[in-house]
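For ligands, and for the atoms within them, numbers begin at 1 and follow the listed sequence.
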Amino acid sequence: MPVGEWSRPYVVCPVCGHAFRSTHASTYVTVGREADLCPKIPGRPSDGARLIRSAVTMCPVCSFAAGEAFDDLDLTFDERHGIEKRLKEDGLLKVFRKGQPPWLGFHAAEVCGKERSLKARELGDLCLRASWVCRKEKERPFESTFQLRALRHFMRSLQEEDLVGRELSVTTYLVGELNRRLGNHREALNWYVNAGRTTEGDPRAAWLDRLIDRQSKLAREQAA
Ligand SMILES: [Zn+2]
């Protein structure tokens with residue numbers, strides 16, 4: 001087993017009751033982050049992708065997936081029923097369940113997360129991680145698909161959820177950075193400005209201020 005991973009004997013799917021072995025990453029070594037906060041992990045990109053992927057567990061039988069440990073989930077009867085229905089009807093799962101592409105667990109966790117009423121911030125986070133895995137695995141069209149989904153969840157989060165402090169700053173910044181990556185450079189610039197306003201005077205956000213400066217410069221060049 002590669003370093004940084006450990007296996008738990010069995011987990012039990014809270015939706016279909018299937019018991020299976022699952023691998024979880026413990027803390028892993030990173031050497032900084034890319035501008036969309038994707039961790040840089042030493043070794044081959046596919047090894048990094050595997051470590052990022054292990055943040056979600058997916059049942060191999062019904063495709064139920066979540067970022068939380070399955071033991072900690074206490075689903076109601078209605079939630080279970082709703083999740084089963086969504087998993088059966090989901091278009092991407094119908095097409096890709098057999099092939100198990102590297103982003104599938106995050107997609108399934110997003111589908112299930114909607115039924116479990118996860119916050120938009122959390123749904124966005126699942127999609128952002130999916131886009132990181134796609135980039136490391138060179139799945140370009142899916143990288144953009146998940147960036148766009150993350151962007152939409154983060155926008156909704158900023159509108160509807162009372163984010164404060166670091167979460168507010170980082171989410172606002174990510175809306176800028178995802179717009180930039182999707183080619184919306186002017187939109188990106190506006191969001192970097194908004195993000196800068198949320199960090200004003202906070203010395204703990206100095207790293208984010210530096211990132212905002214650097215990425216704004218890049219977006220201005222790209223917009224020209
Ligand atoms: Zn299951």
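Residue contacts to the Zn ion (ligand 1): His18 brings no N, O or S atom closer than 2.8 Å.
Atom-to-atom distance recorded for Asp36:CG and Arg180:CZ is 8.5 Å, nearest 0.5 angstrom.
Rounded to 10 degrees, the SG-metal-SG angle spanning Cys16 and Cys59 at the Zn ion (ligand 1) equals 110°. The SG atom of Cys62, the Zn ion (ligand 1) and the SG atom of Cys13 define an angle of 100° (nearest 10 degrees).
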Derivation and outcome, ring pair (Phe, Tyr, Trp, His ring centres under 6.0 Å), residues Phe146 and Trp103: CA-CA 9 Å; Phe146 285 111; Trp103 45 263; 5.6 Å; yes
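Using a 4.0 Å cut-off between a side-chain N of Lys or Arg and a carboxylate O of Asp or Glu, Asp47 and Arg44 qualify as a salt bridge.
Taking the six-membered ring where tryptophan is involved, the planes of Phe70 and Phe20 are perpendicular, since the angle between them exceeds 60° and thus also 30°.
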